[in-house]
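So you know, we letter chains A, B, ... as the sequences are listed, proteins then strands, and number each from 1. The figures that follow rest on heavy atoms only: side chains count, while hydrogens, waters and symmetry mates do not.
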Amino acid sequence: MRSRMLPYWLLLPAALWLFLFFLIPFLSLVATSLYDPDGSVLTGYHVTWHFANFPDAIKAYGPHLWRSVWWALIATALCLVFGYILAYTIAFKTGRWKNLVLVMVVAPFFTSFLIRTDAWKLILGDHGWVVHALQSVHLLSQDGRILATPVAAIAGLTYNYLPFAILPLYTSIEKVDRRLIEAAGDLYASPFRAFLNVTLPLTMPGVVGASLLTFIPAVGDYINAQLLGSTNDRVIGADIQSLFTTTQDYAAAGALSVTLLVVVLAATLIYVRKAGTEELL
Amino acid sequence: MSQASDNRELRLTQVEKTYANGFTAVQPLDLVVPQGSFFALLGPSGCGKTTTLRMVAGLEIPTAGTVRIGESDITYEKPYKRPVNTVFQNYALFPHLTIADNVAFGLRRRGVKNTAEQVAQMLDLVELTTQANKKPAQLSGGQQQRVALARALINQPEVLLLDEPLGALDLKLRRAMQLELKRIQTEVGLTFVHVTHDQEEAMTMADTIAVMNAGRVEQMGSPEELYENPRTTFVANFLGQSNLIKGSIIGKDTLAGASVVKVDMEGTIVSIPEERAHAITGAGWVGIRPEKVLVAPAGENIDAPGSHFTGATIVSTSFIGVSTQYVLRTAWGQEIAAFEQNTGARGVMPPGTAVDFSWRPEFAFLLDASQDASAGIEEH
């Protein structure tokens, strides 16, 4: 009897943790999203099942939500491209330097996320070398800038989430049996075809993992937009943050949070299902 | 592929492979594999046979020499442009593709649009029609092996390379697959080059065997030739088993109209046909296969006129069923093996029995005594 119950006992701490720190806060967030929108610190907040919070919030902040999703998608795509090339190189080409290069991928984590993002202000700033270089080859006009544009914000997102893409990609590329690539070559596949027909499909689990680990945090991220983007291009994370802490419009903040959560969840499910049925099995 | 009417033999000329670390895997090597033949490269691990195969496949580039199929030089051709396919040792089936898609892979890469019919035919040939939609991991080792074969054969390569294709199978399945491979080769008529360390496998299937050792071909010929008339102690020991007995060569002579080489072997003069004598002066190894050694209790007549020896004792007896294997200690103190068919003519002789033994001179061979008598034994 004891041994049959043992797995459940072992699950208990984790289940309890999830219950206390995920499920309860989540339900409380859902409750918040259904507050009476006229509530205030003085009058108090009450759950009035006010579903109109959702259309109201989406109407007011929809474009910001859109921008967040769009930027996160671009950053995820860039992370996948750069991450794949890097991970492939690390797995197949670095030989005995492999571990050193992997440490270098993780090394930026030893510095704070905020400091690293702030440092990009110097790199992308109007007097930084990137702007000068682009101006000198006329890719950027003389009064053109990068800082405080969507380009800078997306570059920041890409930079910050790149390691989260590299690591799962590296793990799956490293596992690919080189003999399969050899076999593809033996069966008339050029190196490029061998990559498309063998390596890429076999590394799809890594691609899916990398996309999720990049996209999900990038949608809610507002540090990059705040430090590197323009104040005119607000993202949903910034809205939620200011609605909760500054405006104290908890109903709208809650509704936006739940909407964001549903959007990310839906996107993830569709993506995993699509990638899963076509490539993973 | 367009020149099917020409002689499309595979020809390796002075092919050599030395790695960057200075290790020479293949010494300058000449091989000719006739079109449509089943050719085996046989040797212990590390003898250079797989490297040779990989140079034909294009997976290794020779340091020197040329690889040709008919008139076309493919030495530096990219693997995916060669009319050569490989059945890999570990099969290397694509785990994400079904069996049918694995088999269709090569055709699709060459732009064949409708592969269904050919795939069906090929799966039929290897008897895997019902498994077409499964993934490789769902198949047994023997089935995976057949998929690997089908995946290579469907492309109708000019040369099919087989790298220890049966190594991962158990003995019974291996035997069955040996016959199966031979049947398929006869049926499709392609040139097969088969790499193996298993002498029995090579002898069962190949028309011609090249025995390799330490990056060189020791001897090349039909299985019978190699077995009956080995030229080196390595071949004598690696293919089957041999008794090698030291002797000093007296010289050539003529016996009943045939040229022979006479050898003084521990006091007995034995005559070895000249074409089986691979040394003519000095010391030599007289070789005789255990099944050619006839044994009888001391003083009894042995039906083998020729080299007759007395004063031996049986040291050990193992009854195998079809045969009995004896180890004898000769009068001069050497241990030699003798296999006797269980024809029922005589019972099994226990250890300690005093015996005489004999062999027909035409079955013996003579090798140079400068060679190591135990070469090729430890590799088994």
Are the side chains of A:P201 and B:L97 in touch, meaning some heavy atoms are under 4.5 Å apart? no

What residues, two or more places apart in sequence or in another chain, satisfy salt bridge (charged side-chain N to carboxylate O under 4.0 Å, His left out) together with B:E180? B:R183

Nearest heavy-atom neighbours spanning A:P191 and B:Y80: CD-CE2, 3.4 Å

Do other residues, nucleotides or ligands put more than 12 heavy atoms under 6.0 Å from A:F26 CZ? no

Any chance CD of B:E187 has more than 12 other-residue heavy atoms, nucleotides or ligands included, within less than 6.0 Å? yes

Kindly indicate whether the side chain of A:E182, heavy atoms from C-beta on, has any atom under 4.5 Å from the side chain of B:F88. yes

Side chain, backbone, both or neither: which part of B:R151 has an atom under 4.5 Å from a heavy atom of chain A? both

A:A194, part contacting chain B, at a heavy-atom distance under 4.5 Å: neither

Can you find a pair of side-chain heavy atoms, one from A:L187 and one from B:F94, that are under 4.5 Å apart? yes

Measuring heavy-atom distances to chain A, does B:L161 have an atom under 4.5 Å in its side chain, in its backbone, in both, or in neither? neither

For the atom pair OG (A:S190) and NZ (B:K78), what is the distance rounded to the nearest 0.5 Å? 11.0 Å

May I ask you to test the B:N90-A:D177 pair for a side-chain heavy-atom distance under 4.5 Å? yes

Nearest 0.5 Å please: distance from the OH atom of B:Y91 over to the CZ atom of A:R179. 12.0 Å

For atom CZ of A:F19, decide whether the heavy atoms of other residues, nucleotides or ligands shown that lie under 6.0 angstrom number more than 12. no

Sidechain-backbone polar pair: B:H96 side chain, A:N197 backbone, donor-acceptor under 3.5 Å: yes

Should we count OH of B:Y76 as having more than 12 external heavy atoms under 6.0 Å? yes

Roughly how far apart are A:Y188 OH and B:N85 CG, rounded to 0.5 Å? 3.5 Å

From A:D186 atom CG to B:T86 atom OG1, the distance as rounded to the nearest 0.5 Å: 3.5 Å

What one should report as the nearest heavy-atom pair of B:P95 and A:L180 is CD-CD1, 3.6 Å

